[in-house]
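Treat the numbers as computed from the prediction; the structure is a model and nothing was measured. All heavy atoms count here, side chains included; hydrogens, waters and symmetry mates do not.
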Amino acid sequence: MVSLSWKHHTLIQALISRGPLKEKEFQSIFTAVTGRNPGAAKKIFDKYLLEINKELSYVHFELRACRDQYDGQVCYGVVNTVSDDQSKLGTKYSVPQIAFFKGIIKAIAQDEAAQGCISGFDALNIRLENQLPSEASSSQQQQAPAAFKNFSMSQKDKTLDELVRDKWLCRTSEGNIGLGIRSLLDLRSWFRNNDVPSCEVCNEAGVKADLCPNEGCTVRIHKYCLKNLLSQRDDKVCSGCGKPWPLGKVTKEEAVEAAVDDEEENETQATTALRSKKRKQRSQRDSAENFSSQASLASSGAATRRRVTRSAAHLN
């Protein structure tokens, strides 16, 4: 068993107390704790994450990374890898609130258009009694808990705000309701178990993605994955139907911008490494100069003493 240091614990505590963090935020914490830049010391960064996950696995937790499907940024978070009745006892949400959340998740994730969101109006009109297990009989569904039936619009609206604040849901720039980064991190197995189609490029759930417009083709690709493809080649064909993927949905300018962003990130990492190397060389040079100065002073002092001795001899 790997013994975690205070540095490992600090990284874990940051994610638990603050919730999922954007890559830059998490890496800045890593740099502050370890004194290393993750870009220039990727192996050390990966080693820390591996050691943390070995320990977290004993309590069925995992430090996981994924991309926010709405802005393409990488995020890190600690997730529970077990979904059972016991683990549900730790949630602060009530049974009606959880049923409401499940209804929203299903409506967004199972949308064939892969828009990644629903309107606030549609969210508020989710029927909680429809979230009972599918194996429940019609009589059981008719006898839905009274708390479900009494869950008012104002309670739903308040719950939406709480779920957005806790990063389980998000509000898009258009004012719609989408999946928060916490859901994208935590519900990976749920997406697979519920047959949510995955992105053809990264194999993650394609909740918000572009669809191949060719009739009968079910391929979907995340916007940021499509940008990366177009930055490499313009004649990318759909792997499902073999026809060229239309370039209209992602302009050439956007593709070039994605490529430039990647180049700038690589340049930043290279610059950081170069600065570190220069600081080390400067430190070594200063040490050498100090040593040389001290040697010169010592030599000068010895010569002065010899002159003084000779002068004293002449006087005698």
Side-chain angles (χ1 to χ4, degrees), residues 20 23 62 64-77 79 81 83 101-119 122-123 126 130 134 168-170 172-174 176-263 265-266:
E23 184 176 38
E62 179 185 353
R64 185 179 291 175
C66 80
R67 283 190 182 274
D68 187 327
Q69 298 193 18
Y70 299 86
D71 61 18
Q73 295 189 48
V74 175
C75 297
Y76 290 85
V79 303
T81 58
S83 178
F101 173 63
K102 285 182 176 179
I104 295 174
I105 292 293
K106 288 180 180 178
I108 295 174
Q110 296 177 351
D111 175 23
E112 294 183 357
Q115 297 179 70
C117 62
I118 59 175
S119 68
D122 289 338
I126 295 287
N130 293 341
S134 56
W168 288 108
L169 297 176
C170 71
T172 67
S173 56
E174 296 83 12
N176 294 321
I177 303 297
L179 298 189
I181 188 58
R182 207 163 180 175
S183 292
L184 295 171
L185 280 165
D186 209 272
L187 300 179
R188 184 177 291 172
S189 59
W190 185 90
F191 293 141
R192 294 195 182 108
N193 294 337
N194 287 270
D195 299 322
V196 176
S198 60
C199 170
E200 191 71 13
V201 175
C202 68
N203 205 35
E204 290 288 344
V207 176
K208 179 174 174 56
D210 285 349
L211 307 180
C212 177
N214 296 315
E215 188 175 354
C217 183
T218 59
V219 168
R220 57 177 66 185
I221 302 178
H222 295 129
K223 190 86 167 180
Y224 45 85
C225 291
L226 194 56
K227 285 183 180 180
N228 290 335
L229 285 179
L230 291 181
S231 67
Q232 298 168 13
R233 51 183 299 187
D234 292 339
D235 58 345
K236 183 66 180 178
V237 298
C238 176
S239 60
C241 62
K243 296 181 180 179
W245 193 282
L247 304 183
K249 291 192 175 183
V250 177
T251 65
K252 179 63 178 177
E253 288 74 15
E254 288 178 319
V256 171
E257 182 183 347
V260 169
D261 289 342
D262 291 339
E263 289 178 4
E265 184 177 353
N266 293 334

**Asked** Could you give the distance from NZ (Lys223) to OH (Tyr70), rounded to the nearest 0.5 Å?
**Response**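 Those atoms lie 14.5 Å apart.
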
**Straight-line distance of Asp122 CG to Asp111 CG, nearest 0.5 Å** =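 Separation between the atoms: 10.5 Å.
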
**Item:** Residue pair Asp68 / Tyr224: nearest heavy atoms and the distance that separates them
**Value:**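 Closest heavy-atom pair between Asp68 and Tyr224: O-CE2, 3.9 Å.
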
**Prompt:** Taking all atoms of both residues into account, what is the closest heavy-atom pair of Gly116 and Lys208, and its distance?
**Reply:**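 Between these two residues, the closest heavy atoms are CA-CB, 3.9 Å.
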
**Message:** Taking side-chain contact (heavy atoms from CB on, under 4.5 Å) as the definition, give me every residue that meets it alongside Ala123, ordered by chain and number, with sequence neighbours left out.
**Reply:**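 Only Ile104, Ile118, Leu160, Ile177 meet the side-chain contact (heavy atoms from CB on, under 4.5 Å) criterion with Ala123.
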
**Item:** Partners meeting side-chain contact (heavy atoms from CB on, under 4.5 Å) with Cys238 (sequence neighbours left out)
**Value:**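 So Cys238 forms a side-chain contact (heavy atoms from CB on, under 4.5 Å) with Cys212, Cys217, Val219, Cys241, Trp245.
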
**Asked** What pairs with Glu112 under side-chain contact (heavy atoms from CB on, under 4.5 Å), at least two apart in sequence or on another chain?
**Response**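 Scan of Glu112 (side-chain contact (heavy atoms from CB on, under 4.5 Å), adjacent residues dropped) gives none.
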
**Asked** Under a 4.5 Å cut-off applied to non-hydrogen side-chain atoms, are Gln110 and Asn194 in contact?
**Response**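 A side-chain contact under 4.5 Å exists here.
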
Could you list the donor-acceptor pairs under 3.5 angstrom formed between side-chain atoms of residues 181-191 and any protein atom two or more places apart in sequence or on another chain?
from   : atom 1 : to     : atom 2 : distance (Å)
Arg182 : NH1    : Asp166 : O      : 3.2
Ser183 : OG     : Trp168 : O      : 2.6
Arg188 : NH2    : Ala65  : O      : 3.3

**Asked** When rounded to the nearest 0.5 angstrom, what distance separates NZ in Lys227 from CD1 in Ile221?
**Response**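 The CD1 atom of Ile221 is 14.0 Å from NZ of Lys227, to the nearest 0.5 Å.
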
**Message:** As a quick check of understanding, evaluate side-chain contact (heavy atoms from CB on, under 4.5 Å) for His222 and Gln69, giving each step before the final call.
**Reply:** CA-CA 7 Å; His222 295 129; Gln69 298 193 18; 3.3 Å; yes

**Asked** Residues two or more places apart in sequence or in another chain: which of them pass side-chain contact (heavy atoms from CB on, under 4.5 Å) with Glu62?
**Response**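 Scan of Glu62 (side-chain contact (heavy atoms from CB on, under 4.5 Å), adjacent residues dropped) gives Asn53, Arg64, Val79, Thr81.
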
**Prompt:** How long is the gap from CG on Asn214 to NZ on Lys243, to the nearest 0.5 Å?
**Reply:**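 Result: 5.0 Å between the selected atoms.
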
**Prompt:** Measuring from Ile108:CD1 to Leu179:CG, what's the distance to the nearest 0.5 Å?
**Reply:**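 Reported to 0.5 Å precision, the distance equals 4.5 Å.
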
Side-chain donor-acceptor contacts of residues 198-206 below 3.5 Å, not counting sequence neighbours, with atom names and distances?
from   : atom 1 : to     : atom 2 : distance (Å)
Ser198 : OG     : Asn203 : OD1    : 3.3
Glu200 : OE2    : Ser239 : OG     : 2.6

**Request:** Heavy atoms only: give me the nearest Thr172-Cys117 pair and the separation to one decimal.
**Result:**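 Smallest heavy-atom distance, with atoms named: CG2-CB, 4.2 Å.
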
**Shortest non-hydrogen contact from Ala114 toward Leu211** =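 Shortest heavy-atom separation between Ala114 and Leu211 comes out as CB-CD2, 3.9 Å.
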
